[in-house]
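What follows is one structure encoded as structure tokens, with my remarks underneath.
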Amino acid sequence: MSQAQSQLSPQAGSEITVTVSACTRKVPKGTRVADLFDPEQRSRLVAARVNGKLVDLSYPLEQDAVVEPVSVDSPDGLAILRHSAAHLMAQAVQSLYPGTQVTIGPATEDGFYYDFAPPRPFTAEDLPKIEQRMRELAAADLKVERLEMSREEAIELFERMGEHYKVEILRDLDEPRVSVYKQGDWMDLCRGPHVPSTGYLKAFALLNVAGAYWRGDERNAMLSRIYGTAFPDQAALKEHLALLELARSRDHRKLGRELELVLFDPRAPGSPFFLPKGTILFNELVAYVRRLYRRYGFKEVITPQLFRNELWRTSGHWDLFRDAMFLTTDGENKTGELDYALKPMNCPAHALIYASQKRSYRELPLRLADFGRLHRAERSGVLHGLTRVRAMTQDDAHIFCTMEQVAEEVDANLKMVREVYQTLGFERLELKLATMPQEHLGSEETWRQTERMLAEAMERNGLEFEVNPGEGAFYGPKIEIYVPDALKRKWQLATIQLDFNMPERFGLEYVTSQGSVQRPVMIHRAVLGTLERFIGVLIEHTGGAFPFWLAPEQVRVLSINERVEAYALDLSARLERLGFRASADVRSEKLGFKVRQAELAKVPYIVVVGEREASTGTVSLRKLKGEKAQSMSVDQLVDILKSEPLPG
RNA sequence: GCCCAUGUAGCUCAGUCGGUAGAGCACUUCCUUGGUAAGGAAGAGGUCACGGGUUCGAUUCCCGUCGUGGGCUCCA
């Protein structure tokens, strides 16, 4: 600690040159970063970059440097604020629950967490108490100090404090010197930087508790994680909490039930029932993809649900995917051996179709599409409404093509993906290249080569992407396409994957124009991905107000009284004959009540008819969320309905 | 699978410091025939998730199972 002190005292007389915001000036050696800024500027600063490296505001400048301020409003600044909030929480927790060890506590994309090893796991009831203590510690405006020491000193220090996880982290570190942050009497091993004092933490909230494994490995101890978030000011925090609230109100599990789209029953965990309205949504999406298939040259097939294990041994699923497969047998089988399995993927079935006849280069690319039902034995703890299921339907297809055709096929599928998401109202796509995982089939050389092909395809199409190392499927690398929804959450839906292994395992071949025999390449791809998940995301994205072509109920005719019941029923019948999903609400309820219910059901066109309309053959149209009702003839209404676009 | 929480009417939730239960909405019937987000009345509806244990007695306390939720891990 004495060394830390001495670093802070400037050597009188010597000067260094610093550049701040393109202005260069001389300051005494040892000047603290904070002193380069006037108090007004300083109030929004939480840290600085010195020659590109993030440091505390108390950092003493020892040599010439370029200094950039890091404001709390910048992404870096916000992350620092949240990291400091995590420290504040840890301090509060340790003061309230003695015997609790700290582990790690980083900032995340929209908040922070800290993993603790407490004598007893925390529960939600602990949060208000911790939050209150945090407020007290923030109000005390404790100075946050950075201490530097040797690794050995730190190990000794944390041993003494009984922080065994920190000692473990220290033992794994390479650096000879480490930093420890101190606020009040509380200390934590940390790289930093941090805000100058706890008073900077003005707006934070603790959100939930959860279990988490030490270092993310399920063989390790289960720790107790507390999630929270922090913002520069109360207004921003409130806004964030409001967004979380909105997300809750749009939860597809809630809306799915309220809008009578889906049902879950404990007797089929992870397996949604699609109710009549949900089935319309499902089938309309499938119909849309089928229209695209005609345009993009896919041929649809229907393949078996259940296969003998021999198939899975051939495909490689038996070795690498068996844990996630439902194994079964038939009632005649006396051996008890589970010799069949429900398919978890369609690809082996399509390989069998390919292999069922001698193939010529003239047939390629052969694009086989399949809406087959897949089953995967997802572990019970991961199931989540429609977005994480055990029974699923993908808009799955496998393209068998020559090596030379791969680029064109990947391009076409990227195009299809962009078309679909634009049509469905998702503004942006984020792409990732998922590379060779630990468990994989095929040589590393083939992997690197195919990874390059996918990267080049994205570059060729002017698409930016990140690399997701080790996240490829076991049979090949993939382009993962993430879609941010209306609530800024990201979902992986579409995917394009290259596969050189499956063709090998199934011995797939084609005859070239020269008469020689070649192995085709297989491309796995899905656009909506898993329909169940897609529908879950779409429900949350739209809040249940689907575009007209997807709306389970497109028009509802509301009668004002019994005298116009026949007119209302005739009208809805006529619209149904024209192919629209129409219904009539002729109950003896007040109009306001019927309007309310139709609005809550998110019916896009609400048509009101009373005696005025019945006598003139007109309707009063109220569009969902629409302002004023409009009067028009039935033919005009039909024209409006007919003008609603049907994509594809 | 693991940690924590949780399971009361179709839905959202009260409640019982251990003596087998209640509201609102929805549902059924009746009254009401109303002009753009909730008209009124009556009725029906529950093995308090399931299985054990403690107890004179368990929906309530304890244990287990299953489901659900928040995460971890995995992945579409």
Side-chain angles (χ1 to χ4, degrees), chain A residues 113 115 118 120-126 207-227 251 253-254 257-258 260 263-270 321 323-324 344-345 374 376-389 392-396 434 437 471-474 478 480-482 491-495 497 524 526 528-534 536-537 558-565 586-601 606-613 620-623 625-631:
Chain A
Y113 66 82
D115 285 346
R120 279 181 203 293
F122 298 118
T123 70
E125 281 86 77
D126 297 319
L207 300 173
N208 48 25
V209 294
Y213 301 104
W214 168 234
R215 297 191 156 166
D217 188 329
E218 62 184 332
R219 287 165 303 195
N220 287 342
M222 177 62 73
L223 304 172
S224 194
R225 174 174 297 181
I226 302 178
Y227 283 93
D251 190 320
R253 292 164 300 185
K254 179 171 171 279
R257 189 176 51 236
E258 287 173 2
E260 298 177 308
L263 170 74
F264 286 92
D265 186 282
R267 283 156 287 199
F321 209 76
D323 289 350
M345 296 182 190
L374 308 177
R376 297 185 190 171
E378 299 291 350
R379 295 151 112 197
S380 60
V382 307
L383 301 177
H384 182 93
L386 287 172
T387 55
R388 197 77 205 173
V389 294
M392 71 205 82
T393 313
Q394 299 182 330
D395 61 337
D396 197 14
E471 291 293 318
F474 66 79
K478 57 186 180 184
E480 297 174 334
I481 297 154
Y482 291 83
W491 301 91
Q492 194 204 322
L493 299 163
T495 179
Q497 316 181 0
H524 308 240
L528 300 179
T530 299
L531 270 292
E532 286 78 1
R533 170 182 283 186
F534 184 83
V537 173
L558 312 183
S559 60
I560 284 178
N561 60 41
E562 279 173 6
R563 289 186 294 280
V564 295
E565 187 178 316
V586 295
R587 294 173 302 167
S588 61
E589 297 288 351
K590 289 180 114 170
L591 181 61
F593 183 71
K594 294 186 188 182
V595 167
R596 174 183 155 80
Q597 290 204 332
E599 290 279 355
L600 290 175
I606 299 171
V607 170
V608 174
V609 296
E611 284 165 293
R612 210 154 61 215
E613 286 78 16
S620 167
L621 173 64
R622 172 191 171 111
K623 282 197 75 172
K625 284 184 230 157
E627 314 77 51
K628 260 179 76 182
Q630 269 182 294
S631 186

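In what follows, chains are A, B, ... by sequence order, proteins preceding strands, each numbered from 1.
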| query | Can you name the ring pair (Phe, Tyr, Trp, His ring centres under 6.0 Å) partners of F122(A), sequence neighbours left out? | reply | Y97(A), F116(A)

| query | Under 4.0 Å between a side-chain N or O of H524(A) and OP1 or OP2 of A76(B)? | reply | no

| query | Hey, does the side chain of R267(A) come within less than 4.0 Å of C66(B)'s phosphate (OP1/OP2), counting only N and O? | reply | no

| field | Interatomic distance, Y227(A) OH vs C4(B) C1' [rounded to whole Å] | value | 13 Å

| message | Surrounding CD of E258(A) (heavy atoms of other residues, nucleotides or ligands, distance under 6.0 Å), is the total greater than 12? | response | yes

| request: Indicate, with a heavy-atom threshold strictly under 4.0 Å, whether Y113(A) touches base, sugar-phosphate, or nothing. | output: nothing

| Under 4.0 angstrom, heavy atoms only, what part of the nucleic acid is E589(A) near: base, sugar-phosphate, or nothing? | base

| message | Under 4.0 Å, counting only non-hydrogen atoms across every strand here, what does E565(A) touch: a base, just sugar-phosphate, or nothing? | response | nothing

| query | Closest approach of A124(A) and V209(A), non-hydrogen atoms and distance? | reply | N-CG2, 3.9 Å

| task | Could you check whether S380(A) gets within reach of a base, just the sugar-phosphate, or nothing at all, counting any heavy atom under 4.0 Å? | result | base

| query | Looking at C3(B), does its base get a donor-acceptor pair with the side chain of Y213(A) below 3.5 Å? | reply | no

| Heavy-atom closest pair, residues S588(A) and E562(A) | CB-OE2, 4.3 Å

| task | Can you tell me which residue pairs pass the salt bridge (charged side-chain N to carboxylate O under 4.0 Å, His left out) test with a partner in residues 588-598 of chain A, sequence neighbours excluded? | result | none

| task | Using a 3.5 Å limit on both pairing distances, list the dot-bracket string of RNA chain B from the 5' end; Watson-Crick and G-U wobble pairs count, crossing pairs take [ ], interstrand pairs take |. | result | (((((((..((((.....[..)))).(((((.......))))).....(((((..]....))))))))))))....

| request: Hey, could you give me the CG/CD distance between L386(A) and E532(A), rounded to the nearest 0.5 Å? | output: 7.0 Å

| request: Check RNA chain B against residues 214-224 of chain A and give the residues with a non-hydrogen atom under 4.0 Å, in numerical order. | output: G216(A), E218(A), M222(A)

| message | Assess the residue pair E471(A) and Q492(A) against the criterion (side chain to side chain contact (heavy atoms under 4.5 Å, CB included)); give the C-alpha distance rounded to whole Å, side-chain angles, the decisive distance to 0.1 Å, and a yes or no. | response | CA-CA 13 Å; E471(A) 291 293 318; Q492(A) 194 204 322; over 6 Å; no

| task | Return the 5'-most residue of the pair M392(A), D251(A) with respect to RNA chain B, ranking by each residue's nearest nucleotide. | result | D251(A)

| query | Ignoring hydrogens and angles, does a donor from either the side chain of E613(A) or the base of G35(B) sit under 3.5 Å from an acceptor on the other? | reply | yes

Listing time: all N or O pairs from protein to nucleotides 24-33 of chain B that are below 3.5 Å?
unit_1, atom_1, unit_2, atom_2, d
U32(B), O4, S588(A), OG, 2.9
U33(B), O2', R563(A), NH1, 3.1
U33(B), O2, E562(A), N, 2.9
U33(B), N3, E562(A), OE2, 3.2
U33(B), O4, E562(A), OE1, 3.2
U33(B), O4, E562(A), OE2, 2.1

| remark: Tightest non-hydrogen contact, residues T387(A) and W491(A), listed as CG2-CZ3, 3.6 Å

| said: Tell me if a side-chain donor or acceptor on R376(A) pairs with a main-chain N or O of A324(A) at a distance below 3.5 Å. | reply: no

| request: Using the P atoms only, state how far U20(B) lies from C27(B), rounded to an integer number of Å. | output: 33 Å

| said: Applying a 4.0 Å non-hydrogen cut-off, can you work out what R612(A) is touching in the nucleic acid: base, sugar-phosphate, or nothing? | reply: base

| Between C72(B) atom P and D115(A) atom CG, what is the distance in whole Å? | 10 Å

| task | Please tell me which of the listed nucleotides, C4(B), A37(B), G71(B), lies nearest to the side chain of A210(A)? | result | G71(B)

| task | Quick one: closest heavy-atom pair of V609(A) and V564(A), and the distance? | result | O-CG2, 3.6 Å

| field | Working for side chain to side chain contact (heavy atoms under 4.5 Å, CB included), residues R253(A) and H384(A) | value | CA-CA 9 Å; R253(A) 292 164 300 185; H384(A) 182 93; 3.0 Å; yes

| query | How is R257(A) classified with respect to the nucleic acid when contacts are heavy atoms under 4.0 Å: base, sugar-phosphate, or nothing? | reply | sugar-phosphate

| said: What is the separation between atom CZ on F264(A) and atom C1' on G10(B), rounded to the nearest whole Å? | reply: 17 Å

| Nucleotide of U36(B), C3(B), G71(B) approaching V595(A) most closely (side-chain heavy atoms) | U36(B)

| C1' spacing across the pair A58(B) / U16(B), given as an integer number of angstrom | 11 Å

| query | Rounded to the nearest Å, what distance is computed from the CG atom of residue N208(A) to the C1' atom of nucleotide C4(B)? | reply | 11 Å

| query | Can you name the nearest heavy-atom pair linking P121(A) to P118(A), along with the distance? | reply | CA-CG, 3.9 Å

| note | From CG of L621(A) across to C1' of U36(B) the rounded distance in Å is 11 Å

| message | Just the rounded figure in Å: distance from C1' of A5(B) to CZ of R225(A). | response | 17 Å

| With sugar-phosphate meaning primed atoms plus P, OP1 and OP2, does L383(A) contact a base, only sugar-phosphate, or nothing at under 4.0 Å between heavy atoms? | sugar-phosphate

| request: Between A124(A) and Q492(A), just flag the one whose closest nucleotide in RNA chain B comes earlier from the 5' side. | output: A124(A)

| message | The side chain of L600(A) is closest to which nucleotide in this list: G70(B), A37(B), A76(B)? | response | A37(B)

| request: Using a heavy-atom cut-off of under 4.0 Å over every strand shown, decide if E378(A) touches base, sugar-phosphate, or nothing. | output: base

| message | Once you apply a heavy-atom cut-off of 4.0 Å, does K254(A) come out as touching a base, just sugar-phosphate, or nothing? | response | nothing

| Base, sugar-phosphate, or nothing for F122(A), non-hydrogen atoms under 4.0 angstrom? | sugar-phosphate

| said: Rounding to an integer number of angstrom, what distance separates G53(B) and C17(B) when you compare their P atoms? | reply: 25 Å

| said: Can you measure E599(A) atom CD to G35(B) atom C1' for me and round it to whole angstrom units? | reply: 15 Å

| Spacing of the P atoms in A41(B) and U32(B) (rounded, Å) | 15 Å

| query | Contact class for R379(A) (heavy atom, under 4.0 Å): base, sugar-phosphate, or nothing? | reply | base

| task | Please report, rounded to the nearest Å, how far the C1' atom of G67(B) is from the CG atom of D265(A). | result | 10 Å

| said: Would you say Q497(A) and T495(A) are linked by a side-chain donor-acceptor pair, where the criterion is simply a distance under 3.5 Å? | reply: yes

| Which whole number of Å gives the distance between the C1' atom of G43(B) and that of C62(B)? | 41 Å

| message | Mind checking if G592(A) touches a base, just sugar-phosphate, or nothing, with heavy atoms under 4.0 Å? | response | sugar-phosphate

| Checking R533(A) side chain against V389(A) main chain: does a donor-acceptor pair fall under 3.5 Å? | no

| task | Could you measure between the two C1' atoms, the one in A14(B) and the one in G35(B), and give it in whole Å? | result | 39 Å

| task | For nucleotides U12(B) and U68(B), find the distance between their P atoms and express it as a whole number of Å. | result | 15 Å

| request: List for me each residue that meets salt bridge (Lys or Arg N to Asp or Glu O under 4.0 Å) alongside R612(A), sequence neighbours excluded, and say none if there are none. | output: none

| said: In whole Å, measure the gap between the P atoms of C25(B) and U65(B) for me. | reply: 40 Å

